[in-house]
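What you see is a predicted model; the values in this text were computed from it and never measured. Start at 1 with the first residue, then count along the sequence.
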Amino acid sequence: GPDRADEAQSCLESAFALARERQARSLALRAAMSLAGVRQARGETREAATVLSAVYEQFTEGFDTADLKQARALLATLS
């Protein structure tokens, strides 16, 4: 139900914040993808795109990795 969705989103937001604080870009990207997926499912497409693009844009290389390919594909569905 909605309580579980709120709890999941809260946990993902915490994981995302922690990864960003520690400058762990790959972990931040994974957390952002999960959070974007939750927000997309809730109809919050703009918010999902914002959170994911903020992390994706920090990368300057490695665009052939699975995580960045997945992030790019998810961003394409959000725009």
Side-chain angles (χ1 to χ4, degrees):
D3 291 338
R4 290 184 67 112
D6 289 345
E7 185 178 333
Q9 183 169 339
S10 179
C11 288
L12 288 168
E13 286 173 352
S14 295
F16 176 59
L18 183 61
R20 289 188 73 170
E21 279 175 26
R22 295 188 178 180
Q23 299 181 337
R25 284 189 309 175
S26 61
L27 294 177
L29 181 65
R30 289 179 186 169
M33 284 192 288
S34 296
L35 184 54
V38 168
R39 289 194 160 186
Q40 182 182 34
R42 298 177 102 183
E44 300 171 0
T45 306
R46 182 176 294 139
E47 295 86 349
T50 299
V51 75
L52 183 52
S53 65
V55 178
Y56 184 81
E57 291 168 2
Q58 293 177 2
F59 286 84
T60 57
E61 60 187 7
F63 294 105
D64 58 341
T65 63
D67 284 344
L68 285 174
K69 286 180 179 179
Q70 186 178 355
R72 186 167 52 247
L74 180 53
L75 280 169
T77 69
L78 297 171
S79 57

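By the 6.0 Å and 45° rule, R72 does not stack over the aromatic ring of F63.
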message: Walk me through whether K69 and L74 qualify under side chain to side chain contact (heavy atoms under 4.5 Å, CB included).
response: CA-CA 9 Å; K69 286 180 179 179; L74 180 53; over 6 Å; no
- request: Would you check, one step at a time, whether the test side chain to side chain contact (heavy atoms under 4.5 Å, CB included) holds for L52 with M33?
  value: CA-CA 6 Å; L52 183 52; M33 284 192 288; 3.7 Å; yes
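Interatomic distance, L78 CG to R39 CZ, rounded to the nearest 0.5 Å: 11.5 Å. We find the CZ-CZ distance between R25 and R30 to be 13.5 Å, quoted to the nearest 0.5 Å. One distance of note links SG of C11 with CZ of F16; it measures 15.5 Å at 0.5 Å rounding. Note that the CD atom of Q9 and the OG atom of S34 stand 12.0 Å from one another [nearest 0.5 Å].
In terms of heavy atoms, A28 sits closest to V55 at C-CG1, 4.0 Å. The two residues S26 and F59 make their nearest non-hydrogen contact at N-CZ, 4.2 Å.
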Donor-acceptor contacts, no H, no angles, side chain residues 44-51, under 3.5 Å, sequence neighbours left out:
unit_1	atom_1	unit_2	atom_2	d
T50	OG1	R46	O	2.9

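Residues L27 and L35 do not share a hydrophobic cluster, defined by chaining ILVMFWY side chains whose heavy atoms lie under 4.5 Å apart.
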